[in-house]
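Within every chain, numbering begins at 1; the chains are lettered A, B, ... in the order of the sequence lines, protein sequences first and strands thereafter.
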Amino acid sequence: MNRIFIKLLFSLIFVIFSGSIFAQDKNIDLLIAADKGDEEAVIKLLLDSADINARSVEDVTPLIYAAQNGHLNIVKILVYNKANIEAYSTQKTTALMAAAINNRTEVVDYLIKEGAKIQARDLYGANALLYAVAYNYFIMSDMLIFYGANPNSKSNDSISPLMIAAMNNDTAICNLLLRSGAKINDANQYGYTAMMYAVLNNSKEASKLLLDIGANTELSNNNSFTPLCMAAEKGNLEIAEMLIGKGAAVNIKVPNYKRPITIAQISNQTKLVKLLKQKGAKSLPFPIYNKVSFGIASSFNLDDILFGGELGLNDDKLKTSINFDFLTRLGYKRILENINDTVSYQFWEKRSLLSLNFEKRFNIRISKTQPNNKEQGILVGVKGYYTYGKYSGSTKKPESILFVAPQIGIFMKGAFTEMKIYYEYQDFKSYKVSPHRVNIALKFDIPLKNNMASSTKIDWL
Amino acid sequence: MKMEKMKQLLLISILYLIFSMLTSCNSTYTDCENPDYSNCQTSVPSTGTMEIEVTINNENPKVPITIYIGNIENNQIEKLDTLIEGSKKIVLPVNQTYSVTAKYKKNGATIFAVDDDKIKASSKAVCDSTCWDVSNGSVNLKLKY
């Protein structure tokens, strides 16, 4: 009796499990058929009781797959059979969004007519219109607006369709959005307007359109940067001319960097500097020390070698820097000190140098495509030295002296690093040590004031 | 944003470098169950050696040297000697800095070569014993000029 009961129990468990496995297979087949557009298979699987709202690992439903790939008939079959039209994936992408992202106008049209929510937002807060605009789908954008999509809706990072269209330099979509009620001077949480996005991305046509329609040139972002400041930073010459032509203030004061011309100078935008000067921009002849630098340094010639470090302040406006150096001989060097004509002492000398230096850099652009945060050229400067030392075995010390050393050399600078190699006449009166030296410094630069315009990269695209 | 990330990266690199330097391994493990005292000097050393290098040449076949305690200006002479070879080790009391001069003749003039070093005794505990070690000194009084 017991044996029969156990057999029955095992059979029942097998039936339940195998049924579940087969059902699972059917659901997967349905997802695959919807994705590939196999209508016959979809119908067959639905008749065979496959789950119409089956989910993939990422929670994508057959309807989302069919919509994304533009399989209109399958979309219709699924909707007719009561598939959940608002079902969304793990990214919260609905069938409507998936269709909009892939420019499936007919599917979008059908889904909206069947009641799909046009303002549904995904994990990033982006809706179908934001995606359509982001991918430059004019007809799709037009259709979504026609069906009532809000042209002023914003993603979680506070980006509006007009900002994206301006960024993409898509004047047709810009026009469409503006005609449909998009607010031209609307700013996001960082204070950026569509005009600013157009400027930052050098979108000339979009900038012209926005300016012609009346975009405000005096609005500033949270860092107090106006569109002209942004054009100055990015070196967008034509847009800067347009902005000035529309009355943008060339001498507007921005905290830390003072004026658009200063921003252009710091960003190595020489053409912009020229333009701004022509347009009456005032530039005060004072440096702005906007970076702190630190690194290792060495001073050497065939007779001697000193190692140490350098700490400084860099001015990217007038290309100057002030540096404090400490250099020391790692070991001792034999020197001869004459006491009188007949007696001399040969000592082992330890020597250290402290210096304060002022440098001026002259940039040389190697190519037109060179990024503006990379510089190279010639440097000239002057160093005020104080040198001191000691002799081993004696209380006598080498003479501590102050002296001035001129320097000339070359430099290379990146956004965060710099290297300089220069000649220096460094006469600290050490016995038989040549005053002609080569100095090398390798340094890191850290910006002190980080209020330049931010990147305009959109995370959800 | 990019700038912030770079700053963070730089800071992390510096901290990692400092951390690595502070924690880099230096094995000092001693097996105290079977201690090896073969290299252990248990008595406190009183002397060490000072190696003195000089230049012997035609003009200076014998080089007189003077060993001072501390600097030469203290004038506390510990030992006088004359070297006839380029190098010599002289035994001196430990825990003292010595300055040594070598007197040379060159073209009728006198050159005193000066150098100093310390002879130091140090101890370390090895299991239940104290082992002593002497770090000997050396001075280079060779004539360069």
Side-chain angles (χ1 to χ4, degrees), chain A residues 157 190 223 233 267 290-296 303 309 331-350 371 373 390-398 414-417 430-433 443-459, chain B residues 1-15 17 50 52-55 60 63 65-78 96-119 137-145:
Chain A
D157 52 0
Y190 309 107
N223 285 336
E233 183 195 331
S267 307
N290 57 322
K291 280 179 186 163
V292 64
S293 64
F294 63 93
I296 52 168
D303 310 317
Y332 286 77
K333 181 171 176 59
R334 272 177 290 198
I335 61 98
L336 199 66
E337 185 161 315
N338 297 319
I339 304 300
N340 55 44
D341 289 347
T342 55
V343 178
S344 305
Y345 276 81
Q346 177 186 284
F347 288 114
W348 285 94
E349 181 196 68
K350 177 88 176 168
N373 59 9
K390 65 171 188 174
Y391 297 141
S392 61
S394 174
T395 52
K396 244 174 109 57
K397 286 180 178 173
F416 299 100
T417 51
S430 195
Y431 185 79
K432 285 205 172 173
V433 173
K443 290 163 68 178
F444 290 105
D445 292 347
I446 297 176
L448 290 172
K449 298 163 187 172
N450 181 23
N451 69 347
M452 287 298 199
S454 304
S455 155
T456 53
K457 194 173 164 284
I458 297 172
D459 293 336
Chain B
M1 197 67 179
K2 210 174 173 184
M3 194 97 77
E4 290 298 318
K5 276 186 183 167
M6 284 297 291
K7 270 192 210 172
Q8 278 177 3
L9 201 70
L10 194 68
L11 190 69
I12 290 166
S13 309
I14 292 166
L15 289 175
L17 206 68
M50 178 70 79
I52 298 166
E53 291 180 279
V54 293
T55 300
N60 300 284
V63 177
I65 59 152
T66 309
I67 302 172
Y68 298 88
I69 294 171
N71 294 314
I72 54 170
E73 286 82 2
N74 292 350
N75 226 10
Q76 256 187 279
I77 297 171
E78 175 70 21
Q96 194 63 254
T97 299
Y98 297 98
S99 298
V100 189
T101 62
K103 189 179 176 183
Y104 295 99
K105 286 281 171 201
K106 192 169 186 185
N107 304 327
T110 305
I111 296 175
F112 290 95
V114 185
D115 195 5
D116 71 356
D117 205 355
K118 189 172 185 176
I119 299 174
S138 71
V139 289
N140 183 346
L141 301 172
K142 287 180 180 169
L143 206 54
K144 186 173 182 187
Y145 302 106

| Engaged part of A/Tyr391 at the chain B interface, taking heavy atoms whose separation is under 4.5 Å |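 For A/Tyr391, there is no contact with chain B at all, as no heavy atom is under 4.5 Å.
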| task | Could you look at A/Lys396 and say if it's the side chain, the backbone, both or neither that has a heavy atom under 4.5 Å from chain B? | result |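 Looking at A/Lys396, backbone and side chain both touch chain B.
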What are the two closest heavy atoms between [X] and [Y], and how far apart are they?
X        : Y        : answer
B/Asn71  : A/Ser394 : OD1-N, 3.5 Å
B/Ser99  : A/Gly393 : OG-CA, 3.2 Å
B/Val114 : A/Ser392 : CG1-O, 3.7 Å

| Can you check whether A/Arg334's main-chain N or O pairs, donor with acceptor, with B/Tyr145's side chain at less than 3.5 Å? |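 Yes: the side chain of B/Tyr145 pairs with the backbone of A/Arg334.
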| task | Please check if the side chain of A/Gln346 supplies one atom and the backbone of B/Phe112 the other of a donor-acceptor pair under 3.5 Å. | result |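 Between the backbone of B/Phe112 and the side chain of A/Gln346 there is no qualifying donor-acceptor contact (under 3.5 Å).
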| task | Measure distances from B/Lys142 to the heavy atoms of chain A and classify the residue's part below 4.5 Å as side chain, backbone, both or neither. | result |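 Both parts, backbone and side chain.
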| Contacting moiety of B/Asn140, where chain A heavy atoms sit under 4.5 Å |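 Both parts, backbone and side chain.
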| said: Within the 4.5 Å heavy-atom criterion, are A/Thr342 and B/Thr110 side-chain neighbours or not? | reply: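 No, their side chains stay 4.5 Å or more apart.
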| field | Min side-chain heavy-atom separation B/Asp115-A/Phe347 under 4.5 Å | value |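 In short, these two side chains do not touch, never coming nearer than 4.5 Å.
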Flag yes if more than 12 heavy atoms outside [X] fall under 6.0 Å of its [atom1] atom; otherwise flag no.
X        : atom1 : result
A/Lys350 : NZ    : yes
B/Lys144 : NZ    : yes
A/Tyr431 : OH    : yes
A/Asp341 : CG    : no

| said: I need the B/Leu143 CG to A/Leu336 CG distance, nearest 0.5 Å. | reply: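 B/Leu143 atom CG to A/Leu336 atom CG measures 8.0 Å (nearest 0.5 Å).
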| said: Can you tell me how far apart CG (B/Asp117) and CH2 (A/Trp348) are? Round to the nearest 0.5 Å. | reply: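 The CG atom of B/Asp117 sits 12.0 Å away from the CH2 atom of A/Trp348.
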